[in-house]
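Ligands are counted one by one from 1 in listed order, and the atoms in each one are counted from 1 as well.
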Amino acid sequence: MKGNGNSLLEEENGKLRQDEKMLRLLCDTSSSAFIYYSYQDDRFETLGNWNHFFDFSISDRKDLTKLYDRVEEQYEIPLREGLFIEGQKRDRDSFEIKLKESRLCIEVEVNVVYDAEGNPTDKIIRFKDVTKLTAQNDELTYMAYYDILTGLYNRNYFVRLLGEFLRRAEKETKKVAVMFMDFDDFRRVNDGMGIIAGDELVQLFGQYLAGLMNSNVVISHFSTDIYCIAIYDPCGARSVDTIYRVIRERLKKPFKMTDGQEVTMTVSVGVSEYPEASSGTLELINCAEIVMFKAKSRGKDKIQYFDGAILEEFLQTVNIQNKLKEVVFEQNFTMYFQPQYYAKGEKLRGVEALIRWRDNKGDMISPSVFIPIAEKNGTIVPIGNWVIEKSVQTYAKWREKYHYPLVLSLNVSAVQCKKRGFIESLMQILEIYDVSPSEIEIEVTETILIEDFDYISEQLNELKKTGVRISLDDFGTGFSSLSYLKGLPIDTLKIDKTFVDTLLTDKNTKIITESIIYMVKRLGYETIAEGVETEEQFQYLKELECDMIQGYYMGRPMPAQGIEDILEKLAVKVG
Ligand code: C2E
Ligand code: CA
Ligand code: CA
């Protein structure tokens with residue numbers, strides 16, 4: 001019996017040893033470390049990968065203070081409390097701590113086992129290394145909020161913060177301003193110095209902007225060269241004006257690149273404000289962006305405040321751009337012609353071709369509205385070609401029928417004129433309809449000359465060589481001085497309507513117009529006065545020896561048939 005009992009006990013012991021070995025193996029091969037505490041024996045034991053975490057061991061209660069010493073300060077109290085959950089009769093808790101020196105992030109899990117009476121018997125504290133996970137998490141969090149290049153907020157997070165500003169502003173009846181900021185001519189930097197330099201400039205400027213942030217001013221890098229600033233309750237040092245002034249002051253100094261180059265640049269800024277412009281986050285940003293474009297078109301390096309009229313103009317532009325996409329030339333466009341007369345003798349000199357557009361709903365859209373838009377999006381080229389072909393075709397019919405010597409004036413926009421092959425295609429059309437270049441006059445406005453003077457004057461000289469006449473439209477509204485025009489192959493100057501309008505009422509205009517006509521004639525140009533509406537204007541211009549007259553007084557723009565009627569009458573007279 002005894003022997004039997006012994007072997008049974010041995011067997012039991014062997015099994016226990018086996019279990020213990022297995023447990024140790026489990027602990028040792030796990031990357032975690034453990035503290036085991038037996039309440040009964042008041043005994044501490046460390047197991048597992050303990051050395052990975054700590055360079056001391058724990059054998060009694062006071063060793064625990066070593067543990068507290070190793071964690072970063074803010075984790076000390078949570079750790080002290082977290083280890084003793086039995087005080088609250090809890091059986092499980094977990095929390096994170098960070099070690100001071102090794103910078104390890106550790107997940108601590110505390111488990112307490114109770115007996116049937118509710119007294120704690122065993123405690124296991126597990127330490128798990130979560131440094132990598134936390135770092136990945138931090139990076140993800142960072143990427144979710146920040147722009148890597150500049151360290152500013154990214155667009156998404158900015159929108160969220162702006163939303164918070166708006167909610168607060170509503171409660172506190174305050175304003176929120178949004179400044180939408182874009183580099184001027186960023187392509188110049190990218191093309192001239194390379195994309196890497198461009199990135200560096202974006203980064204340097206972003207880092208500068210980051211220094212302007214505070215709890216009421218949040219700044220974001222939206223994309224490439226676009227930044228957005230939201231200001232809560234803009235006033236004093238954080239008013240839009242002040243911030244703009246500060247930024248501009250910084251931009252006066254160059255940015256130093258790592259390769260030693262120095263770059264200066266300017267920005268255009270659009271501003272919208274809650275609640276005036278909108279109460280929605282995205283709308284507010286959109287409004288600021290739209291008015292920013294206005295700042296650009298006003299000549300860059302400018303700030304533009306929100307204005308309902310700008311928004312309306314923008315919407316109209318978008319609307320027209322969309323309609324332009326749908327336009328069917330023959331169906332929606334038609335040509336009108338306005339007669340031009342010699343002042344002396346009131347003989348018909350020619351006609352100016354003016355386009356008319358009736359959209360699919362039957363509404364007329366003025367060329368002064370859609371031509372500038374078509375110029376910007378490039379549709380002016382096919383439209384311009386259509387205008388030329390249609391007008392020349394009509395003109396050729398009149399000439400064949402009436403043999404009356406007329407000049408056909410065609411408006412040509414800068415974009416169209418600059419396009420390579422413009423002269424060739426014009427000549428081709430003239431050839432098709434058997435019209436001589438000397439019967440054609442091309443009207444260009446002086447704005448054409450501002451950009452790229454050399455190329456345009458070369459192009460105009462080429463055009464002139466073909467025998468086509470050249471007329472400078474809207475003369476007097478732009479920058480052109482007479483001396484500036486001397487080198488250009490111009491035949492005719494069209495004196496703008498604004499002069500004609502005030503001719504008889506404003507003494508200054510009178511003097512200017514008189515001297516213009518006088519000097520222009522001395523330089524050998526012909527003059528046409530545009531927008532002549534009254535008998536008095538007509539008589540007065542005639543006295544000044546203005547060569548030709550165009551305007552409602554002599555005849556409005558009219559469909560081809562109207563001109564034909566005039567020619568018909570003239571033919572009858574001659575006949
Ligand atoms: P523009 O070349 O200066 O044309 C003269 C404008 O003044 C025309 O306006 C004409 O209808 C208007 N006008 C003529 N006489 C009078 C008058 O006595 N009183 C008043 N109040 N207005 C008068 P429209 O036809 O609306 O054209 C506006 C502008 O659109 C033109 O100014 C021209 O710059 C552009 N445009 C018109 N047709 C074409 C075209 O076929 N091609 C291009 N590129 N531009 C065009
Ligand atoms: Ca014109
Ligand atoms: Ca004009």
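No side-chain donor-acceptor contact under 3.5 Å links Thr445 to the backbone of Asp473. Side-chain atoms of Tyr341 never come within 3.5 Å of backbone atoms of Gly555 as a donor-acceptor pair (strictly under, hydrogens ignored). The backbone N or O of Thr242 lies less than 3.5 Å from a partner atom in the side chain of Ser239, making a donor-acceptor pair. A donor-acceptor contact shorter than 3.5 Å is absent between the side chain of Arg155 and the backbone of Phe158.
Every atom of ligand 1 with a heavy atom of Glu533 under 4.0 Å away is listed here by number and element: 17 (C), 18 (O), 19 (N), 20 (C), 21 (N). If you number the atoms of ligand 1 from 1 as listed, the ones under 4.0 Å from a heavy atom of Gly551 come out as 15 (N), 18 (O). Counting the atoms of ligand 1 from 1 in the order shown, those under 4.0 Å from a heavy atom of Glu352 are 2 (O), 4 (O). Close contacts of ligand 1 with Gln338, meaning ligand atoms under 4.0 Å from a residue heavy atom, involve 14 (C), 15 (N). For ligand 1, the atoms lying closer than 4.0 Å to a non-hydrogen atom of Asp474 are 3 (O). Atom numbering of ligand 1 starts at 1 in the shown order; those under 4.0 Å from a heavy atom of Pro557 are 11 (O). Every atom of ligand 1 with a heavy atom of Asp473 under 4.0 Å away is listed here by number and element: 1 (P), 2 (O), 3 (O).
Using a 4.0 Å heavy-atom cutoff, Gly384 is absent from the residues neighbouring ligand 1. Distances shorter than 4.0 angstrom occur between a heavy atom of Lys497 and an atom of ligand 1. Not a single heavy atom of Lys494 sits less than 4.0 Å from an atom of ligand 1.
Here the heavy atom of the protein found nearest to atom 26 (O) of ligand 1 is Pro367 CG, 3.5 Å. Nearest protein neighbour of atom 5 (C) of ligand 1, counting heavy atoms only, is Glu530 OE2, 3.5 Å. Nearest protein heavy-atom contact of atom 42 (N) of ligand 1 is Asn411 O, 3.4 Å. At the shortest separation from atom 13 (N) of ligand 1 among protein heavy atoms lies Tyr552 CE2, 3.8 Å.
Between Glu526 and the options Lys494, Lys521, Arg349, a salt bridge (Lys or Arg N to Asp or Glu O under 4.0 Å) holds for only Arg349. Asp184 pairs with exactly one of Lys302, Lys296, Lys300 by the salt bridge (Lys or Arg N to Asp or Glu O under 4.0 Å) rule, that one being Lys296. Checking Glu352, Lys497, Glu530 one by one against Gln550, the side-chain hydrogen bond (donor to acceptor under 3.5 Å, both in side chains) holds for a single residue, Glu352.
Ion pairing between Lys323 and Glu326 fails under the 4.0 Å rule for side-chain N and carboxylate O. A salt bridge links Glu462 to Lys465: at least one charged side-chain nitrogen sits closer than 4.0 Å to a carboxylate oxygen. Using a cut-off of 4.0 Å between Lys/Arg side-chain N and Asp/Glu carboxylate O, Lys390 and Glu330 are scored as salt-bridged.
Under the 30°/60° scheme for interplanar angles, the aromatic rings of Tyr395 and Trp398 are found to stand perpendicular.
For atom 39 (C) of ligand 1, the nearest protein heavy atom lies under 4.0 Å away. In this structure, atom 32 (O) of ligand 1 has its sub-4.0 angstrom surroundings free of protein heavy atoms. Counting only heavy atoms, the protein gets under 4.0 Å from atom 19 (N) of ligand 1. Protein non-hydrogen atoms do reach within 4.0 Å of atom 22 (N) of ligand 1. Under the 4.0 angstrom criterion, atom 7 (O) of ligand 1 counts as lacking any protein heavy-atom contact.
Atoms CZ and CG, on Phe205 and Leu251 in that order, are 5.0 Å from each other to the nearest 0.5 Å. For the atom pair Asp491 CG and Ile442 CD1, the distance stands at 11.5 Å (nearest 0.5 Å). Here the CG-OH distance, from Leu523 to Tyr518, works out to 10.5 Å after rounding to the nearest 0.5 Å. Here the straight-line distance linking atom CD1 of Ile440 with atom CZ of Arg469 works out to 11.5 Å at 0.5 Å rounding.
In terms of N/O distances under 3.5 Å, ligand 1 is not approached by Ile371.
Taking 3.0 Å as the limit, the number of protein N, O or S atoms around the Ca ion (ligand 2) is 4.
Contact annotation: the side chain of Asn319 never approaches that of Leu315 to less than 4.5 Å [non-hydrogen atoms, C-beta and beyond].
Residue-level proximity to ligand 1 for Leu354 is carried by backbone and side chain together, each with a heavy atom below 4.0 angstrom.
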